[in-house]
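Working notes, beginning with the structure itself.
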Amino acid sequence: MDEQQEQEQQEAKLYFSRNLLEWYHGQKRDLPWRRHRNPYYIWISEIMLQQTRVDTVIPYFNRFIERFPTVESLADAPEEDVLKCWEGLGYYSRARNLQHAAKQVKDEYGGQVPDDRDAVFSLKGVGPYTAGAILSIAFNRPEPAVDGNVMRVLSRYFLIEDDIAKGPTRIKMERLAAELIPEGEASHFNQALMELGALICTPKSPRCLPCPVMEHCSARLAGCETSLPVKTKAKPPRPEERLAALIEGRGGHAGRVLIRQRPSSGLLARMWELPHWPAPPAEGGASAALLPETAAQDRLRRSLLQAGIFARPEGHWMAAEHTFSHIVWTLQVYRCREEEAPALPLAAEGRVPYGAASSPADPGSASASGLADPAAAADYAASSAAGTSPGVYNAGLTASVPADLFAEEPAPAERFADGGGNPEDAGAVRWINRGDMANYAFPNVFLKLLNAYFDEQEGKSDN
DNA sequence: AAATCGGGGTG
DNA sequence: CACCCAGATTT
């Protein structure tokens, strides 16, 4: 690049920074986290915005800071409260990382979000982008905050054709973004950059006419703005057919359905769900949806028994789909009815094996109670499990199940080939009614299924 | 460097 | 419906 080009490049940068900043002051949106310069608010909003659009985040943000107004209140909250507040937002490990980081701030930084690069970086869930966002937006530090919006804007304005999915490209963008920050204006400028990406320089059809920097935008001048940024495509998610059980309680559980808690690591960690297992591949490669219903019900019953849950599938209810980044679940949901446990033994913990092979029946535990009636057994479990809510049912039924029922069970790794983590801390089950849903955090697909079910029940009882 | 982590919007 | 959106952590 000769001297003349270099000078033009410098002018393009100055033009960009000046015009963008001026535009932002006239166009910035009124957002809840922009109404104060509270580093805690900025931090919460940036974690939420990592994954979701502004419109979706706003109600979550408002509820979150109402429920957890300070770092300390977040640090001291029960984890399930934090997860419940995050319910439906996705990427739940971020909620758990956020609370972990709140404890860090409380214990190591006196409850104040640190105004220090290394300290901010050390917080769980805070990476290069979020650290830069907190330091610049909350503390006006001249740090770059390069997210997808910023990379899109910069790749177009400076016509950078590097693949933004690659690591080194982000480093390059950060160097460039840092150069562009006007003296003393890091907070406004970084927000302006992201605001432009969100409102004007959008992925599909950028609105170049109202763009404050269109005159010197290299991509627009070259007519290639819609083909930037260059980004390698993600590989498509793999499909997974699963059989799910909506179990209607009987006796002491009448009007309730059974839910269980997922393991504390992996997919949807510690969230609650209807029990479900991979569907066996049908003959000839047909999908599980085409699996003869009796075969599917038989398989589901085996899986339920294997998990220590006594229930009988009674027919297909509905299908539901749930899309992750890397998997697509198709859930075939069967309505099931709770059955009486054959022998009896109720252990005290309210847990069932989740990923592990079922433990052998413990003859000792069988004498823990002599209750054969499910309602009485539930009462027994509730009364013997201190600190649990009414309706808690101990499905840790290690009772004698005919061994041949398990003859065709797949290996544990196959049964729970969904990213399930440590089986030791999973498998808690509860019988819940609609009101109890407020106490458990569910992924959206199960929220929809449970609401659909309770709606259906209410409709029936009205008639 | 590649895979793991949700859920929603657009055309 | 196909296709798009992304940052931190783990492996």
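Just so it is clear: chains get the letters A, B, ... in the order the sequence lines come, proteins before strands, and each one is counted from 1.
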Distances under 3.5 Å between nitrogen or oxygen atoms of protein and nucleotides 9-11 of chain C:
from	atom 1	to	atom 2	distance (Å)
C/dT9	OP1	A/Gly125	N	2.6

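Rounded to an integer number of Å, the gap from A/Ile327 CD1 to B/dT4 C1' is 9 Å. In this structure, A/Asp147 atom CG and C/dA8 atom P are separated by 9 Å, rounded to whole Å. In this structure, A/Glu46 places its CD atom 14 Å from C1' of C/dA8, rounding to the nearest Å. A/Trp86 has its CH2 atom 13 Å from the C1' atom of C/dA8, to the nearest Å. Distance A/Arg96 CZ to C/dA8 C1': 13 Å, rounded to the nearest Å. Rounded to whole Å, atom P of B/dT4 lies 7 Å from atom NZ of A/Lys235. Between the CD atom of A/Glu321 and the C1' atom of B/dG6 there is a distance of 14 Å, rounded to whole Å. Per the geometry, CG belonging to A/Leu89 stands 18 Å off P belonging to B/dC5, to the nearest Å.
Comparing C/dC5, B/dC5, B/dG8 by their nearest atom to the side chain of A/Arg152 picks out C/dC5. In the set B/dG8, B/dG11, B/dA2, the nucleotide with an atom closest to the side chain of A/Lys166 is B/dA2. Of the listed nucleotides (C/dA8, C/dC5, B/dG7), C/dC5 has the atom at the smallest distance from the side chain of A/Pro203. Considering only side-chain atoms of A/His326, the nucleotide from B/dC5, B/dG6, B/dG8 that sits closest is B/dC5. The side chain of A/Pro168 has B/dA1 as its nearest neighbour among C/dA8, C/dC5, B/dA1.
Distances shorter than 4.0 Å separate none of the side-chain N or O atoms of A/Thr52 from OP1 or OP2 on B/dG6. Phosphate contact (OP1/OP2 of B/dG8, side-chain N/O of A/Asn444, threshold under 4.0 Å): present. Proximity of A/His322 to the phosphate of B/dG6: no side-chain N or O atom is located under 4.0 Å from OP1 or OP2.
There is a side-chain donor-acceptor pair under 3.5 Å between A/Gln191 and A/Arg34. The closest side-chain donor-acceptor pair between A/Arg434 and A/Asn451 falls under 3.5 angstrom. Checked by atom type, the side-chain pair A/Glu80/A/Tyr440 shows no donor-acceptor distance below 3.5 Å.
A/Gly167 comes within contact range of no nucleotide atom at all, as no heavy-atom separation falls under 4.0 Å. Residue contacts shown for A/Arg170 are absent, as no nucleic acid heavy atom lies under 4.0 Å away. Across all strands shown, A/Gln51 has heavy atoms under 4.0 Å from base atoms, whether or not it also approaches the sugar-phosphate. Residue-level contact check: A/Asn149 touches the backbone only, with heavy atoms under 4.0 Å from sugar-phosphate atoms and none from bases. A/Ser93 comes within contact range of no nucleotide atom at all, as no heavy-atom separation falls under 4.0 Å.
When each of A/Arg53 and A/Tyr129 is assigned the nucleotide of DNA chain C bearing its nearest heavy atom, the one mapping closer to the 5' terminus is A/Arg53. Nucleotides of DNA chain B nearest to A/Lys204 and A/Gly90 differ in position, and the one nearer the 5' end is that of A/Gly90.
For A/Ser325 and B/dG6, a side-chain-to-base donor-acceptor distance below 3.5 Å is present, hydrogens and geometry of angles not being considered.
Nucleotides C/dC4 and B/dG6 have their P atoms positioned 22 Å apart, rounded to a whole Å. On the C1' atoms, C/dC5 is 15 Å away from B/dC5, given to the nearest whole Å.
Of the possible polar contacts, none joining the A/Arg260 side chain to the A/Val429 backbone as a donor-acceptor pair under 3.5 Å is found. Remark: the backbone N or O of A/Arg141 is not paired with any side-chain donor or acceptor of A/Ser136 at under 3.5 angstrom.
The cationic group of A/Arg63 lies under 6.0 Å from the six-membered ring centre of A/Tyr60 and within 45° of the ring axis, placing it in a cation-pi geometry. Within the cation-pi definition used here (under 6.0 Å to the ring centroid, within 45° of the axis), A/Arg67 does not qualify as a partner of A/Trp86.
Listed by chain and number, the residues in a side chain to side chain donor-acceptor pair (under 3.5 Å) with A/Ser325 are A/Tyr91 (sequence neighbours excluded). Every ring pair (Phe, Tyr, Trp, His ring centres under 6.0 Å) that A/Tyr15 has, sequence neighbours left out, goes to A/His216.
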